[in-house]
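Just so we're on the same page: letters track the sequence lines, and every chain starts at 1.
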Protein chains: 2
Amino acid sequence: MERTRDEQAEATKDHIANVAMEMFAAHGFSATSTRKIAKQAGVSEGLIFHHYGTKMGLLRGAAARSGALSDHIAQGLAADPDAPIEEQLRRIAEGFVAFLRADRLAARVFRVLMAESTTHPELYAMQQERTQTAVKQLSRYLSTRIAAGELRGDLRVDSAAQVLLGSFLWFFFTHMHLDADAWTTAARVHCDAVVDQWLRGALAEGAP
Amino acid sequence: MERTRDEQAEATKDHIANVAMEMFAAHGFSATSTRKIAKQAGVSEGLIFHHYGTKMGLLRGAAARSGALSDHIAQGLAADPDAPIEEQLRRIAEGFVAFLRADRLAARVFRVLMAESTTHPELYAMQQERTQTAVKQLSRYLSTRIAAGELRGDLRVDSAAQVLLGSFLWFFFTHMHLDADAWTTAARVHCDAVVDQWLRGALAEGAP
DNA sequence: GTCTATAGCTAGATAGAC
DNA sequence: GTCTATCTAGCTATAGAC
């Protein structure tokens with residue numbers, strides 16, 4: 001198994017990004033120095049700047065390489081668009097919980113980007129675009145369910161979608177201190193209750 | 001109007017905290033130097049350390065001086081506990097929007113604490129305590145409305161309270177880029193829709 | 001493509017005068 | 001209570017050898 005010089009370089013670049021994200025997630029962007037990243041990654045500081053130009057470029061690059069949390073939600077939605085809405089929503093919620101539990105790095109990346117985005121307009125835009133994509137896909141889906149007569153005709157789909165997504169994400173943000181097991185249990189209970197109440201408020205009169 | 005030496009000192013200390021919070025909110029905690037804070041506040045750097053010991057102490061102190069966002073919510077709840085729930089919730093939502101618009105510093109403090117709490121366990125605990133207090137007061141209120149027959153008996157009050165609070169706060173977080181007027185308009189629409197759907201899902205069968 | 005060396009600066013914090 | 005002066009350490013980024 002020989003590696004070309006380019007492949008090796010690309011692997012090193014990736015490795016730097018991964019290490020950087022771990023450290024940004026743990027201590028924040030500003031509080032993590034390029035020196036510490038270099039040491040932890042086992043490369044020289046100069047190499048980081050060779051590959052990414054600036055520290056901000058490193059964050060950008062590393063963030064771009066990690067899959068967006070919202071992509072996952074959107075993906076779950078597209079899987080079986082004609083399933084009954086209750087089943088669909090519960091499946092999304094369940095998948096969301098499982099994903100956050102399994103892919104801890106993605107979760108931490110999301111968290112750190114959310115935090116840093118409050119002070120870096122560029123990151124704010126990036127994060128905004130990602131979440132808004134998910135919200136839009138969700139609202140579009142809700143619209144199809146209105147058309148199908150499953151949901152009330154006067155449901156305000158944008159707000160409804162934001163409540164659903166926001167409730168999940170807010171829970172995630174405010175329960176990070178729990179360990180994986182406790183978090184999963186609490187998340188399931190919370191998601192169940194949310195979907196339940198949300199549906200009661202959204203279903204068409206006399207729907208099944 | 002004479003001021004004692006102590007009063008003057010206390011005023012200066014407050015002033016430093018206010019300036020610091022403005023700057024932390026604008027650029028983040030780590031990215032804001034004590035030097036810049038001193039310059040902006042018109043005092044020496046030494047004085048900051050005299051009053052607050054460390055930079056972290058300054059953040060702690062400044063945060064403690066500002067009223068918690070959640071206090072305001074809790075307060076709104078207590079004002080007229082026997083009003084019909086719909087009126088009550090709309091009043092809270094409206095007050096919440098007005099408050100965030102009027103008291104920009106409190107809003108920024110909340111935002112910066114939320115961001116920094118992802119990397120400072122101490123701040124996380126502080127923020128957690130503040131929001132959980134609000135959630136608990138809200139759930140307790142919801143319980144009284146169940147007892148009064150206004151809300152469904154099987155409503156899971158903790159989750160319901162978190163959805164309500166989380167939806168408002170999440171909106172706040174993801175719409176910071178709007179100017180005050182646009183933000184207020186969007187916030188009103190969103191809050192209305194949220195309360196509306198939330199109530200439909202929470203009211204007892206056959207309630208008015 | 002990667003490293004070593006270092007420039008040039010800014011950071012948080014302290015000491016001591018007033 | 002407040003300021004000036006300063007210490008030391010750490011920072012991002014660059015230059016040039018290999």
With a 4.5 Å heavy-atom cut-off, do [X] and [Y] have their side chains touching?
X: B:L169; Y: B:M114; answer: no
X: A:L199; Y: A:V195; answer: yes
X: A:Y52; Y: A:I16; answer: yes

Report summary line: Correct closest heavy-atom pair for A:R145 and A:A83 would be NH1-O, 3.9 Å

Report task. Using a 4.0 Å heavy-atom cut-off across all strands, classify B:K36 as base, sugar-phosphate, or nothing. Result -> sugar-phosphate

Query raised in the report: What is the nucleic acid contact for A:T32, judged by heavy atoms within less than 4.0 Å: base, sugar-phosphate only, or nothing?
Result: sugar-phosphate

Query - Opening and closing nucleotides of DNA chain D in contact with chain B, under 4.0 Å to non-hydrogen atoms - result: D:dG1 to D:dT4

Between [N] atom [atom2] and [X] atom [atom1], what is the distance in whole Å?
X: B:L47; N: C:dG12; atom1: CG; atom2: C1'; answer: 16 Å
X: B:E45; N: C:dT14; atom1: CD; atom2: P; answer: 12 Å
X: B:K55; N: C:dT10; atom1: NZ; atom2: P; answer: 15 Å

Report task. Would you mind telling me which residue lines up with the more 5' stretch of DNA chain C, A:R35 or A:H50, judged by nearest nucleotide? Result -> A:H50

Report task. Considering only NZ, NE, NH1 and NH2 on the basic side and carboxylate oxygens on the acidic side, decide whether B:R101 and B:D181 come within less than 4.0 Å. Result -> yes

**Report entry** Salt bridge A:K39-A:E45, side-chain N to carboxylate O under 4.0 Å
**Finding:** no

